[in-house]
Amino acid sequence: MYKFNREKSLRRTANKWTERVATVLFFFFVSIAVSAQQKSLSGTVLDESNIPVTGASVLVNGTSNAAITDVNGRFTLKNVMPDATIKISFIGYFTQNLAVKNQTMMNVVLKENVRVLDDVVVIGYGTTTRKNITGAVDQVSSKAIENRPVANVTQALQGASANLIIQQRSSNPNDNAMNINIRGVSTMGNNTPLIVIDGVVSNTNAMGDINPSDIDNVSVLKDAGSAAIYGSRSANGVILITTKTGNKDQVPVIKFSAQAGIQQPKMLFEQVHGWENAIYMNEAAANAGSSLVYTSAQIQDLYDHGDGVPFQDQILKNGLQKNYNVNVQGGSGNSSYMISAGMFDQRSNFVGPDYGVKRYNFRSNLTTQIGRLKLTGNMMYTRYENKTHTGDTGFIMVDCTRVPLYYYYKMKNDDGSLYYTNNVLSESNPMGTLEKLGTSTSDNDYITGNYSGEFKIMDGLKLKGVLGAEIRSDHRYTRQFPVWYATSLTATEATYKGGAVTLPSNDWSGKSTFLNTQLLLDYNKTFGDHTVSALAGYSDESSRYAGITVSKTYVDLDLGIPVTTTKVGTDSKLSPEDFSENSIKSFFGRANYSYKDKYYVEANMRIDKSSKFAPKYRTGYFPSIAGGWRISEEAFAESYKANVGDLKIRSSYGILGNQDGIGNYDYQTVYTMYNNTYSFNNAATSGTGFAYGNEALTWENSANFNIGIDATFLNNTLFINADYFNKQTTGILLSPVIPATFGGSVATQNLGTMQNRGWEFTANYRLKSGDFNHAFSLNVADSKNKVTKYGDEKMTTSDGVGFIIREGLALGSYFGYKTDGLFQSEEEIANSALPLNGTVVPGDVKYKNLNGDNVIDEKDRTVLGNAFPRYTFGFTYNVSFKGFDFSTMLQGVGKRDFIVRGELIEPFHSSYSYTMYKHQKDYWTPENTDARWPRLAAPGSKSNSNNFNHQSDFAMESGAYLRVKNVQLGYTLPKNLTSKVGCENLRLYIDAQNLFTLSSCSFVDPETSEFGNNMGGTGGQGGANSARNYPSLKYYGFGVDLSF
Amino acid sequence: MTKKNTNMKLKNILTIFALGSAMISMNSCVDLDTAPKNKFTDNNYWTSQLKAEAVLSMAYSQMYGADYYFNNEILSDNAFNGRAGNNEYKIMMGNAEPTNARFSGEWSTCYGGIKTCNLFLEKVDKVTDMNEATTNRLKAEARFIRAFLFYRLTNWYGDIPFFESSITVDESQVIKQTPAADVKAWVHSELNDIVQYLPTNKTQKAAERGRITQGAAIAFNARTYLYDNDFANCEIQCAKLIGTTEFGTYGLETDYSKIFQPDNEYNKEVMLDMEYVTTYRTWDQMRDLAPLTAGARLSNVAPTQELVSSYRMLDGTAWADGKGYANRDLRMDATIVHDGSSWTTQDGVTSTILTSNTSTTMDHWQGTQSTNQSVTGYYYRKNFDKTSVVGSFAAGLNLILIRYADVLLMYAESLNEQNKLTADAWNITVKPLRQRAGFDAAYCEFPGAVQANLRSDIRLERRCEFALEGTRVFDLRRWGKMDGKTTVVTGILHGDKFASTGTAFIELTPVSYDKFLFAIPQSELDINKNLVQNEEYK
């Protein structure tokens, strides 16, 4: 098939050549007839790097006498008048006009024309060019996404656009929890931006399901000017993903790429030596006034035997990651196509029965033109397979690192036949859990179809109908088993039955359908200096989900099928129990006017009606206006334009909406019947709980002001844009802080307001020097959040870390006591305020007495910091030299605070941890008074309670970091070599991910966050900021790109 | 193809496209007016007795919980939270600040239950398919639960916000405290009034077992008087249940340990309990209380030497160091596990539990810091459900809140404090309990009417009889007040004789529980400026 097409197209090309030659010959004879004084002219066309330009056209001005340069850049023109001028042009280069001046040989150097301002940029329901843009839009090209060893698009976008803030909460391949924020935190609810794929709204899961290598470009809409067309769901910004298509009359190109590498788990902290730990434990006990834990003989014994292998090293291993893609693009006279298939496979770093994820992607994007009708059909099928253990990842990690390196702690005997418990891990061990507890396997199918027909009614007026469907069918099957443990190293058989003794099995299956129909009328016409365009549309979106759960215990040990004693679990669900639906119906429109590519005005409007609200409060109006002024086009700026470059200022204002995070039925008071709430006479009964609704619930509104500047310098090789924004979100849905005396929760209300201000700066620079082609891209951004209306402040404590929401502060700020170093003397203690009932000694933590009374209590608490990233940046550098190419991407955060919890801060944490870590050795002793950590004191002691039971900045670390996210070095084999084997292009490369990180905290990965994108979900999402975190991963790999 | 044909074709395609879109839209469109499928709204909920009872069941589940039932023991000298740091531990250490989560947790769970009761009482009349007697009975049950919850509140916090019907959010932000005495008076009158609508434990249908009975209301009323040291009224309530079956038929189980067995639920001693059922509604606290070799995860709370010491020798003499575990009050072995106790697991495997420092099993004492094992060398036994799930200890055993034995001891104490405890009264109250505990006959007899001696006898009896049932703290507080003490528990609690390589009693961190009330939660004070903090926390 491929060969056939290729031959056909070669034939087609040949035919065209014949035509052209014939034309040239025709004119040749005609010219002979006209004049006989003409000479022939030949020459070479080169680019600035002295590389021949093939296919450039050379035309004698005022005639039809023309030639095309050959593979060596050579051309020959016959019958050229000595005083003629010739015009040399080629796409991507400045056209040159040269006088012949009697020459017969001319060598021409074409200068590259960096036409950044004419780049097509995808915007809501259409496209525009960079120079016409009035809103804040960033476009990320496929180059930034392809060939990266990333698990999904979200990871690839990290650092790619200013103020597109992406945080990976966990590196666990089976989880890959990510936060996305555009321009900071704009609501207390869900901050996830709207995801639109090829013009159809999708959900955030799609970011994980779409094949990164199918993506042509990603537009990030940040302000009201660009996003208001998406109305009620645009307040968090919009991410528009456009997939690749073929081109008409394109010779088919087959691209194949393969990539493989290993991911190394990197633990950032480690237990101290076993014998050391025994000494520390004794010291902690002695300091707490308790008797010693270890005798000197026991310590000597630990010393003599040396350390055991850390448990974490026994359960972690390198994981293999593979990625294959094949893609065919092409087109004929009226049609074009892009068909692709991809496979991504990432293995877990845990031991056990081959945990990991696999994703298979298939896509076909077809377009055909039938007269005035253009039909497009995009179809995608994704299958996602996830196999994971059934323990708790956080516990698995922390259980390992809580065990001291004593030689006599083992998880498994040498021949693997026995698992052990011990006095630290008395009911299971991580190895037993990973290898024997059971597995949870998911297989999710995800199909999207996106069909549109575009009919050209008349010149400039198009009618477009779109039907988008997204069907997601998820399935998960979990099985668990008992795990037998031996309770001592001398035991010869396992006597303790741990794990899942009830043999539970669970099947869950959920199906979501999303349908979107759109009707769009698009008008675009230029009348002289005036360009007018307008868009009107209607959209109807319906989402529906139904899930079923079957849960059984005491199933057959081997097959998992029910037996007589099998019980059906109470968490089984029929589809009415697990059902939701909602819909949005919308009208929207846009009007543009521009004059001479100098002045631009644009207005957008969207009217949304959502099923999530009561009829009276259902409709939302989201308007925006925007304007732009290309100063450099003005007459007075002529010299600026000639000497410096293009300059445009643009501004927008508008109202965006948010309804994410609002439940489908939140406006209604509902009674929910819960099974097995109570029982009488040993028979379970249902109990009913109720939740108040709020009839008046409505959209959150976000008023957005944006002002920005776009400028080019150095012959368009340097492109800079900068933006300032001010976002005021009102009507944020809040659960009002009410006294518990009320007896329950009340419905959320549109109460809160919040402000978000910030800026973005992006610079792109291309430089050519000799054979080197450099491309630099830098983005830096900041957003500053402030809760402006909340009502009574809300304090929460989670795992010993305090948070506050208070007007005037950034959302979810850390709250607690400020510390003032460590007490150095009894005298200092006598002269200081102490916590209520506190008893301290030198070496204990001293708290600042902020309110000046004689006691450290609640009133001394204050704001300690905030964990949202500020001054985020990304930097990429690409350079090519002959066949070599090198690229690197750096990404980081300039300012962020995070509080570390648990054993990483507190030695022998709350009787859970039995070991200290290397980073904790710098603790206070009378000889080491300038210590990072307080003196050792066992849990339960007054000192311990003073030092670790107060939520303080003592455990706060800086989350600022710079990470070398990606490095890639490639080599493209010379064409004359590869073409011999029928290869258009063959490139080999090696790459690495997360190669190097600069951070002030050595024992926690600063990139992981314990928060969701609304600064909520505190308490260790994925175990960030604690010893529960999955280790960070470093990737080393290689790949090959091949095209025919 | 002619141009006309092309146009026709185009039109056809457009038509098909438009029709197709429309069809798909119509078929699958979700309407803007949606209603939940798995929940009811105010309009369609109150339609049947079943639905009304479901709200009441929610109230039952909010009345009390296994967590506080067990954790309350930490607030006494009976048990010690070895894995330091839970909320009750902080209260015991005197470190509790008004932000302590027990203070806010107790408050919000009680008011949450009150809200459910009020909602039930306000809406239940909407249900038309119930007869009046049933409606009244269900209302009486709701009123009992509400009174129970208000009593929990006033007993812990003193003066509290009080209301008899749902309050609005605005009201909840400004409501003032009602004096404890007024709340208690209301509790007494409610408990008195509802008796007429309730069945006795004999007239109650079997399927209704676990619901509030006359006996429960009266016994609870007695308890509320007792905790106020109002012995005259306590006596009156207890007298309704002793020597008469008008308000129910109760008695003592012959075997103390059988009271807490799953095959003996609803026995004749049970007056009020929390209902659990295997698989469907379970509690699992024993997972962190039982010996580790019995399959427990760890020992969170451990019985103290003080409790163990209080169990006398069978001849009635006080236990002294060196006398060991044999020949002791039978209730000891039914309540706790000591070094050498035997334990039969859910799987029926019986073994000897070795808790001493020299034992090589997982139960052996490893110090008082940073350990999964019991810090005292003792583990829990009472309320271990041998039918609970291995590993998770998910138990369907009902947890008893008021036993008939309590009525007997309340009665004896009330009489004695009024200096009128006679041999006859002794013989129907304390004596049968001592007999059941296996004491020699001589020790079971009335020791003579010396009020102070009888007082210490009865107090010891209460401790041994109800140990690890979550009520010791309330006795300690009222006796402390009665005796003019300024602290609830102070000093060093101990464990078994395993410290210093087995020659000394384990010394635990000294406790300083000197506050007779809980603090009004800081979170409530922050919002409602009309609330006044209890004096001890100012």
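In what follows, chains are A, B, ... by sequence order, proteins preceding strands, each numbered from 1. Keep in mind that this is a model prediction, so the values were computed, not measured.
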Considering only heavy atoms, which portion of [X] lies under 4.5 Å from any heavy atom of chain B: side chain, backbone, both, or neither?
X      : result
A:S575 : neither
A:K612 : neither
A:V746 : side chain
A:V501 : side chain
A:Y496 : side chain
A:T741 : both
A:N422 : backbone
A:P615 : side chain
A:Y667 : side chain
A:Y692 : side chain
A:T553 : neither
A:T502 : side chain

Region of [X] in contact with chain A, defined by heavy-atom distances below 4.5 Å:
X      : result
B:I114 : neither
B:Q173 : both
B:N44  : neither
B:L531 : neither
B:P98  : both
B:F163 : side chain
B:S523 : neither
B:E265 : side chain
B:I160 : neither
B:S104 : neither
B:Q373 : side chain
B:Y60  : both

For the residue pair B:Q366 and A:N423, confirm or rule out a side-chain donor-acceptor distance under 3.5 Å.
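Short answer, yes.
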
Donor-acceptor side-chain pairing of B:K51 and A:T688 below 3.5 angstrom:
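Result is no, nothing qualifies.
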
Would you mind telling me which of [options] has the largest number of heavy-atom pairs within less than 4.5 Å of chain B?
options                        : result
A:S426, A:A684, A:G569, A:A691 : A:S426
A:M673, A:E581, A:E577, A:R618 : A:R618
A:G743, A:S686, A:S745         : A:G743
A:T487, A:T677, A:V424         : A:T677
A:A284, A:S583, A:S488, A:P576 : A:S583

Using a 4.5 angstrom heavy-atom cutoff, name the option from [options] with the most pairs to chain A.
options                      : value
B:A59, B:S512, B:A394, B:S61 : B:S61
B:G391, B:A207, B:G210       : B:A207
B:C110, B:A206, B:P161       : B:A206
B:K205, B:E507, B:M362       : B:M362
B:T116, B:T360, B:L119       : B:L119
B:S172, B:S108, B:A101       : B:S172

Do the two ring centres, one from A:F690 and one from B:F40, sit under 6.0 Å apart?
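They do not qualify: ring centres at least 6.0 Å apart.
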
If you measure from [atom1] on [X] to [atom2] on [Y], what distance do you get to the nearest 0.5 Å?
X      : Y      : atom1 : atom2 : answer
A:F680 : B:R211 : CZ    : CZ    : 4.0 Å
A:N582 : B:L32  : CG    : CG    : 10.0 Å
B:M274 : A:S679 : CE    : OG    : 11.5 Å
A:E427 : B:L298 : CD    : CG    : 7.0 Å
A:N681 : B:Q204 : CG    : CD    : 9.0 Å
B:T278 : A:N682 : OG1   : CG    : 6.5 Å

How close do [X] and [Y] get, counting heavy atoms only, and between which atoms?
X      : Y      : result
B:E524 : A:P739 : OE1-CB, 3.3 Å
A:Y678 : B:S57  : CB-O, 3.7 Å
A:N676 : B:R281 : O-CB, 4.0 Å

Worked check of side chain to side chain donor-acceptor pair (under 3.5 Å) between A:T685 and B:E53:
CA-CA 9 Å; A:T685 62; B:E53 282 181 351; over 6 Å; no

Does some side-chain heavy atom of A:Q668 sit less than 4.5 Å from a side-chain heavy atom of B:T41?
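SC-SC contact between B:T41 and A:Q668 confirmed.
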
Between A:F742 and B:I175, is there a side-chain heavy-atom distance shorter than 4.5 Å?
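A side-chain contact under 4.5 Å is absent here.
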
Step by step, would you call B:I527 with A:V737 a side-chain contact (heavy atoms from CB on, under 4.5 Å)?
CA-CA 8 Å; B:I527 304 171; A:V737 178; 3.4 Å; yes

Electrostatic pair B:D526:A:K794 at N-O distance under 4.0 angstrom:
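A salt bridge is absent here (no side-chain N lies under 4.0 Å from a carboxylate O).
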
Counting only heavy atoms from other residues, nucleotides and ligands, does the tally under 6.0 Å from OH of A:Y538 exceed 12?
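Atom OH in A:Y538 is packed in, count exceeds 12.
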
Quick one: does NZ or CZ of B:K39 land under 6.0 Å from the six-membered ring centre of A:Y671, within 45 degrees of the ring axis?
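The answer is no; the distance or angle limit is not met.
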
